[in-house]
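For reference, the structure is listed below as structure tokens.
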Amino acid sequence: MKSYLNFETDIKNLEIEMDKLKDPYNQDGLSEVDTKKISESQKEIDNKLQEIYSNLDPWQTTLVARHEDRPKAKFFIDNLFKDFIPLSGDRFYGEDESVLAGFAKFNEKSVLVIGQEKGDSLETRIERNFGMMRPEGYRKTIRLMKLANKFNIPIISFIDTPGAYPGVGAEERGQAEAIAKSIECCMSLYVPTLAIVIGEGGSGGAIALASSNKVIMLKNAIYSVISPEGCATILWRDPTRTLEAAKAMKLSSKDLLELKVIDEIIPEPVGGAHRDKNLILDNVRRSIKNNLNEFLSMSRDEIFNHRKNKFLTIGRTKGFVSQLDDLSSLSMRKNKTNTFIEDFFKSKVNLAATSVIIILLSYLIFFL
């Protein structure tokens with residue numbers, strides 16, 4: 001049974017009517033299937049979908065990103081990669097079912113695949129903790145990312161989480177520290193890393209795995225520091241002001257591409273990724289292939305600097321850097337006093353003279 005969002009009522013009614021047209025044994029009795037009318041109904045549905053989905057507001061985009069039929073990480077892993085070998089455990093505490101991770105083949109080349117998995121039924125959603133990772137999940141991915149880095153294997157992450165799990169047990173086991181260590185690990189890698197936001201990219205739970213050379217989003221995915229409901233509750237004490245919050249946070253793929261927070265948008269079928277899963281598979285496959293090919297000619301140091309410069313560029317203006325293409329010269333503006341002090345202590349003669357003066361002053365103070 002199909003699921004529909006609250007703004008898809010017209011589409012739901014049209015599709016119910018078309019299903020009746022396709023069924024010769026409908027309530028009107030046995031009849032011939034009217035193929036002409038079916039074609040007209042399908043065209044009407046397509047036009048309605050185009051009309052609605054070309055004008056989605058940020059809150060409607062959020063609902064599409066959370067759609068229960070939307071393809072999850074496991075779907076992409078099963079259909080894009082060969083010989084996937086799942087690896088478990090963080091070697092400290094245990095296994096986290098909310099994240100799938102292991103080595104696989106993409107275009108006959110080895111890759112490390114990481115996927116935040118929400119589950120596709122009530123049982124699997126509870127088992128996967130709705131995609132909210134615990135500390136052991138982040139520590140597992142850190143362990144595997146370091147292994148991939150050692151053997152020069154690219155890393156591909158599928159991001160889909162409302163955020164890291166905020167439970168008492170997770171906090172007791174060091175949730176914040178695990179997220180920080182995961183970000184640190186991602187930024188220190190010398191292999192190409194791709195992060196694809198396929199649904200929700202929520203808060204630190206997402207950025208812990210999305211500190212990558214390329215951050216890519218499906219068209220109707222979202223990527224934000226907090227959920228619109230959480231933002232509205234904190235700012236206005238009113239969780240119903242979700243549309244206002246979603247607009248202010250610039251969480252859509254279009255806004256984030258303009259802000260240069262992400263690098264690419266993968267187009268979706270009209271009506272969302274769940275309406276044509278084969279098409280979205282082809283689009284994601286093409287994107288992964290093209291982005292991995294970009295790094296084939298780069299050395300390990302160039303890959304590391306590419307990632308570093310990417311994040312240093314976000315939000316910067318020319319007033320802070322001398323060259324935007326190479327941010328190794330990145331430095332904040334300094335006043336004349338700070339510059340004089342730094343230059344003074346760079347000289348060994350000045351350091352020696354200062355040390356002698358300090359010793360003499362100490363002698364005068366304590367012994368005279």
Side-chain angles (χ1 to χ4, degrees), residues 1-20 22 41-76 116-122 124-126 128 130-132 158-163 196-203 206 217-224 226-233 238-256 265-281 283-284:
M1 183 177 177
K2 288 183 179 179
S3 298
Y4 296 90
L5 300 172
N6 56 14
F7 56 86
E8 294 181 320
T9 305
D10 292 342
I11 296 168
K12 179 181 179 180
N13 294 333
L14 288 169
E15 290 192 337
I16 289 172
E17 288 298 319
M18 192 172 74
D19 289 340
K20 290 178 181 178
K22 289 180 178 179
S41 297
Q42 185 61 58
K43 187 176 181 180
E44 188 177 356
I45 290 169
D46 292 341
N47 291 337
K48 198 68 180 177
L49 281 169
Q50 184 67 45
E51 178 188 340
I52 292 172
Y53 277 81
S54 61
N55 295 291
L56 290 180
D57 61 44
W59 175 240
Q60 290 173 331
T61 302
T62 302
L63 296 177
V64 177
R66 296 172 176 172
H67 198 290
E68 62 182 65
D69 296 331
R70 194 171 177 83
K72 309 294 192 299
K74 190 175 186 300
F75 170 80
F76 288 107
Q116 293 173 320
E117 174 61 30
K118 284 183 173 180
D120 52 13
S121 65
L122 179 59
T124 55
R125 287 187 182 111
I126 293 171
R128 302 288 186 184
F130 299 88
M132 294 184 290
F158 292 95
I159 310 300
D160 190 14
T161 180
I196 306 171
V197 185
I198 58 176
E200 285 186 277
S203 190
M217 288 180 70
L218 299 193
K219 182 179 179 181
N220 293 316
I222 60 170
Y223 189 30
S224 63
I226 192 173
S227 69
E229 302 95 319
C231 177
T233 301
D238 183 0
T240 62
R241 296 175 69 174
T242 50
L243 175 57
E244 193 174 347
K247 286 180 177 178
M249 288 195 295
K250 306 290 184 183
L251 47 67
S252 69
S253 58
K254 181 182 177 182
D255 288 332
L256 293 169
I265 297 174
I266 298 177
E268 293 187 28
V270 178
H274 56 283
R275 287 191 167 267
D276 191 341
K277 293 185 178 181
N278 289 326
L279 178 58
I280 198 64
L281 272 177
N283 291 346
V284 172

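Quick caveat, the model's predicted, so the values are computed rather than measured. Just the heavy atoms: all of them, side chains too, but no hydrogens, waters or symmetry mates, feed the values below. The residues of the chain are indexed from 1 along the displayed sequence.
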Worksheet item: Could you go step by step and tell me if Ile45 and Leu49 meet the side-chain contact (heavy atoms from CB on, under 4.5 Å) rule?
Response: CA-CA 6 Å; Ile45 290 169; Leu49 281 169; 4.0 Å; yes
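- With a 6.0 Å radius and a threshold of 12 heavy atoms from other residues, nucleotides or ligands, Lys277 has its NZ atom above the threshold.
- Between Glu200 and the options Arg70, Arg66, Lys72, a salt bridge (charged side-chain N to carboxylate O under 4.0 Å, His left out) holds for only Arg66.
- The backbone N or O of Ala273 lies less than 3.5 Å from a partner atom in the side chain of Glu268, making a donor-acceptor pair.
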Discussion item. Applying side-chain contact (heavy atoms from CB on, under 4.5 Å) to Phe76 and Ile196, what does each step give before you reach the verdict?
Written reply: CA-CA 11 Å; Phe76 288 107; Ile196 306 171; over 6 Å; no
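- Residues Asn13 and Thr9 form a side-chain contact, since some pair of their non-hydrogen atoms from C-beta on lies under 4.5 Å apart.
- The closest side-chain heavy-atom distance from Asn283 to Leu218 is not below 4.5 Å.
- Side-chain contact between Lys118 and Pro162 is present, with at least one heavy-atom pair separated by less than 4.5 Å.
- Between Gln60 and Asn55, the shortest heavy-atom contact is OE1-O, 4.0 Å.
- Between Thr124 and Lys74, every side-chain heavy-atom pair lies at or beyond the 4.5 Å cut-off.
- The side-chain heavy atoms of Phe75 and Glu117, taken from C-beta on, include no pair separated by under 4.5 Å.
- Considering CD1 of Ile266 and NZ of Lys219, their distance stands at 13.0 Å, rounded to 0.5 Å.
- Salt bridge annotation for Arg125-Glu68: absent, with no cationic side-chain nitrogen under 4.0 angstrom from a carboxylate oxygen.
- We find the CG-CG distance between Leu56 and Asn220 to be 6.0 Å, quoted to the nearest 0.5 Å.
- For the 3.5 Å distance criterion, the side chains of Gln42 and Asp46 qualify, holding a donor opposite an acceptor.
- Taking CG of Asp10 as the reference point, atom CD of Glu51 lies at 8.5 Å (rounded to 0.5 Å).
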Worksheet item: Checking side-chain contact (heavy atoms from CB on, under 4.5 Å) for the pair Thr62/Leu251: CA distance, chi angles, key distance, verdict?
Response: CA-CA 9 Å; Thr62 302; Leu251 47 67; 3.9 Å; yes
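- Between Glu15 and Tyr4, the side chains place a donor N or O and an acceptor N or O closer than 3.5 Å (distance only, hydrogens not considered).
- By the 4.5 Å heavy-atom criterion applied to side chains, Val64 and Tyr53 are counted as neighbours.
- Ile52 is listed as a side-chain neighbour of Lys48, based on a closest heavy-atom distance under 4.5 Å.
- Here the closest non-hydrogen pair linking Thr161 and Ala206 is CG2-N, 4.0 Å.
- Rounded to the nearest 0.5 Å, atoms CG (Leu5) and NE2 (His67) are 4.5 Å apart.
- Scanning all heavy atoms of the two residues, the minimum distance from Ala221 to Ala65 falls at CA-CB, 4.1 Å.
- Residues Ile226 and Met249 form a side-chain contact, since some pair of their non-hydrogen atoms from C-beta on lies under 4.5 Å apart.
- Shortest non-hydrogen contact noted between His274 and Gly271 is CE1-O, 3.1 Å.
- No donor-acceptor distance shorter than 3.5 angstrom exists from the side chain of Glu17 to the backbone of Leu14, with no hydrogens or angles considered.
- Looking at Gln116, its side chain never comes within 3.5 Å of a backbone N or O of Gly131 through a donor-acceptor pair.
- The distance from the CD1 atom of Ile16 to the OG atom of Ser41 is 13.0 Å, given to the nearest 0.5 Å.
- Pairing each heavy atom of Pro58 with each of Lys247, the nearest pair is CG-CG, 3.7 Å.
- Between Ile222 atom CD1 and Asp255 atom CG the span is 12.0 Å, to the nearest 0.5 Å.
- Side-chain atoms of Asp160 do not come within 3.5 Å of backbone N or O of Ile198 as any donor-acceptor pair.
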